[in-house]
Amino acid sequence: MNLFADIRALVIECLTQMTSEGVLPDGLTFDNVAVEPPRDAAHGDMATNAAMVLAKPAKMKPRDIAEALAAGLAADARVSSADVAGPGFLNLRLDAAVWGQVMKDVLTNPDFGRSDMGAGKKINVEYVSANPTGPLHVGHTRGAIFGDALASLLDYAGYDVTREYYINDGGGQVDVLARSVYLRYLEAHGQTVEFEDGTYPGAYLINAGEALKAKVGDAYVGQPEDVWLADVRSFATDAMMDLVREDLASLGINMDVFFSEKSLYGTGRIEQAIEDLKSKDLIYWGTLKPPKGKMPEDWKPREQWLFKSTEFGDDEDRPVQKGDGAWTYFAPDIAYHFDKVSRGFDALVDVFGADHTGYVKRMKAAVAALSENRVPLDIKLAQIVRLFKNGEEFKMSKRAGTFITVQDLVDEVGKDVARFIMLTRKNDTPFDFDFDKVTEQSKDNPVFYVQYAHARVHSVMRKAGDAGIDLSDLAGADLSLATHPAEMAVAAKAAEWPRVVEIAARTNEPHRIALYLYDLASELHGLWNRGNDDVSLRFIQEDNVAASQAKIALVKSVSVVISHGLSILGVTPAEEMR
RNA sequence: GGACCGUUAGCUCAGCUGGAUAGAGCGCUGCCCUCCGAAGGCAGAGGCCAGAGGUUCGAAUCCUCUACGGUCCGCCA
């Protein structure tokens, strides 16, 4: 049950009633009516802006509407009071039994918080999509974790989610990879090689060179490139994708689909997508204006095939072919998204690195064109992460072969910490990842703080079990024995969970889940410590089994919500801190 | 020259798509364990929400301009 949705439905019902009674004029829309938790707890449990939103279209005073609405709402058993405040807010207090029902629902319904807002719509989330030229480095982790958590969130919100990885195995960088592996292959045959500019010197290719030797023996030694390039390219790509899959697994990521760029070449699929755009009169033969500002040295005006992305809000039309007649990177990307659209997705999400900023408009333009505006594409950019250790930033350099890998990160802080920390920030804000802070076990480390709350609840349950308190039917506990305002505040926070899920899913912002969990954990820690001053607030009441059960049911429901939330983020809930 | 993102407490960041007196952590000050894990909690100090206009009952939030920072700008992917 989603309490906020339920109460909002009640508000709408009352407003409809008021309309039919002639208190409100006909023809009002209630879309903007919101029911929210008030910022200040002193204002009650929930607040609605209905009166202020409707005042203008109804040509009435907000307070008049609010007072009439208050009378209607107060008649409902769930509402214990409805007060008009400020400019026309209506503050509601709910009956204590309502919170008890929510807690029972949390404890008995494993799907508490799941939403059907997605209505089973097919949505494709593409993320990572790193070039298959080596293991993943830290620069990839933020997008990887963000995309994965977003996919889980959308699944939780009722979408039919496909997690997809686009393998860039069609471009020139794969030739570079093949040549680099070939050098390692020669090395495996005892030759001394040099890694010149334009090759990857990374040690991770040594295994690939040896594996190639094991596969083909000396067949390619001393042979010209045209003999071995195609084979080595596909061999090396496969080997790198194995590494990538391992890296993803260590972050807890499992893709549903790996889509190969190469599969678009020589199969007519790029041509087909371009033809589709041509038939819509969106591809033309023309010349681009020279770029303003810094002018490339060798720039010359040239006629080429251009996509009319300006018709969809882009700043310039975009070329789909290079000077040598080969496709630009954009062309297979168009074909790839054409494929996604043809596969029947109702919505697409792409998670890109910040270096793809300039790519967003043209990609949205392409999808709008290909799907004739049927399929929305949301593009999320993962901003840069800077790594700090011992107060100093350390950088990555792929060319030098000294970049920090995903494995380094996971070895250092663990999967759970890496995931949670990356998800406590909005994806489009750059942030600093401080190894020293996140390995601390203190409030400075939000993962620990949330895990600790979860563990504390389990600690209580262990203690209660030792004390002989029966915990087998917490959902059946008499929750009217835990209605102190401090306890109700915790219940109210837990009851917000379904609402948070919907907001996070609607905005494609999984960080809201992490921040909410932090707040919820904070409520729990606060209540725990109230027990220091006020013995009646301790969870285990020595001489009162029924009260103990009620209080433990309350905190147990908090731990259940925390574990739901952590599972969306891909973080393991801890039952004990060590 | 242009595009996109950002600018909120000393520092790192939230702010629920326009609501009430702008929030949290760190740091600073002072309290709280004969008590289920103090790995916690409570309280205090600290703000011209970058600046200027505009929209309306109401703006950190929406619009315009300016400043600063980041990312990027055909023939890399």
Side-chain angles (χ1 to χ4, degrees), chain A residues 32 34 36-40 43 47 49 52-53 55-56 61-62 85-89 91 129 131 133 168 170-174 261 288-294 296 298-302 304 306 314-319 321-324 326 328-330 332-333 353-361 381 383-384 424-426 428-432 434 437 440-446 448-449 451-453 455-456 459-464 466-467 496 499-500 502-504 506-507 509 511-512 515-516 518-519 522 524-533 535 538-540 542 576-577:
Chain A
N32 291 329
E36 301 173 324
R39 187 166 304 183
D40 186 343
H43 292 139
N49 61 355
M52 287 179 291
V53 173
K56 195 171 192 182
K61 288 180 187 166
F89 280 103
N91 292 328
S129 299
N131 288 345
T133 51
N168 291 120
Q173 82 282 3
V174 184
E261 177 194 359
L288 279 179
K289 282 182 236 157
K292 297 186 175 173
K294 65 165 187 185
D298 55 348
W299 197 90
K300 285 188 183 103
R302 185 165 55 75
Q304 59 192 336
L306 297 167
D314 201 357
D315 320 297
E316 283 180 71
D317 290 338
R318 303 295 174 175
Q321 266 185 339
K322 299 192 241 183
D324 61 2
T328 61
Y329 177 62
F330 188 36
D333 248 0
D355 54 340
H356 280 61
T357 316
Y359 213 67
V360 170
K361 283 190 178 179
L381 297 176
Q383 269 293 349
I384 288 176
T424 52
R425 299 277 194 280
K426 268 191 312 198
D428 52 8
T429 332
F431 87 96
D432 298 343
D434 188 332
K437 288 274 167 78
E440 252 172 49
Q441 298 206 333
S442 75
K443 281 178 66 176
D444 207 8
N445 177 355
F448 170 78
Y449 188 76
Q451 298 259 32
Y452 182 34
R456 269 186 151 173
S459 163
V460 169
M461 297 205 299
R462 282 193 297 273
K463 288 276 182 191
D466 293 346
E496 280 183 40
R499 181 173 181 271
V500 171
E502 294 203 347
I503 291 168
R506 192 173 61 236
T507 53
E509 291 180 344
H511 77 277
R512 290 178 191 274
L515 294 169
Y516 166 77
Y518 188 90
D519 283 348
S522 176
L524 184 91
H525 289 309
L527 180 59
W528 179 291
N529 277 83
R530 290 286 296 267
N532 289 340
D533 301 327
V535 177
R538 293 185 191 168
F539 304 141
I540 298 174
E542 297 286 327
E576 219 174 347
M577 306 304 293

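Just so we're on the same page: letters track the sequence lines, and every chain starts at 1.
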Counting just side-chain N and O atoms, does [X] come under 4.0 Å of either OP1 or OP2 of [N]?
| X | N | value |
| --- | --- | --- |
| A:His511 | B:rC16 | no |
| A:Trp528 | B:rA38 | yes |
| A:Arg456 | B:rA38 | yes |
| A:Tyr449 | B:rG41 | yes |
| A:Thr429 | B:rA14 | yes |
| A:Lys56 | B:rC57 | yes |
| A:Lys426 | B:rG15 | yes |

Legend entry - Close side-chain approach of A:Arg462 to A:Glu576, heavy-atom, < 4.5 Å: yes
Legend entry - Closest to side chain of A:Lys463, choosing from B:rA77, B:rC36, B:rG40: B:rC36
Inset, instruction - Counting heavy atoms from C-beta on, name the nucleotide in B:rG6, B:rC36, B:rA77 closest to the side chain of A:Asn168. - result: B:rA77
Between [N] ([atom2]) and [X] ([atom1]): distance, integer Å:
| X | N | atom1 | atom2 | value |
| --- | --- | --- | --- | --- |
| A:Asp40 | B:rG15 | CG | C1' | 15 Å |
| A:Asp519 | B:rA14 | CG | C1' | 9 Å |
| A:Phe539 | B:rG41 | CZ | C1' | 12 Å |
| A:Ile503 | B:rA14 | CD1 | C1' | 14 Å |

Legend entry - Interatomic distance at P, B:rC28 relative to B:rG10, whole Å: 16 Å
Legend entry - Atom C1', compared across B:rA60 and B:rG30: separation rounded to whole Å: 32 Å
Inset, instruction - Show your working on side chain to side chain donor-acceptor pair (under 3.5 Å) between A:Tyr452 and A:Arg456 and close with a plain yes or no. - result: CA-CA 6 Å; A:Tyr452 182 34; A:Arg456 269 186 151 173; 3.2 Å; yes
Inset, instruction - Keeping the roles fixed (side chain from A:Gln173, backbone from A:Asn168), state whether a donor-acceptor pair exists under 3.5 Å. - result: yes
Inset, instruction - Compare the aromatic ring of A:His525 with the six-membered base ring of B:rG41 and state whether they stack according to the 5.5 Å and 30° rule. - result: no
Inset, instruction - Quick one: classify the glycosidic conformation of B:rC33 as syn or anti, with syn meaning within 90° of 0. - result: syn
Taking donor-acceptor contacts at under 3.5 Å, does the side chain of [X] reach the base of [N]?
| X | N | answer |
| --- | --- | --- |
| A:Arg538 | B:rC35 | yes |
| A:Arg530 | B:rC42 | no |
| A:Asn532 | B:rG41 | no |
| A:Asn91 | B:rA20 | yes |

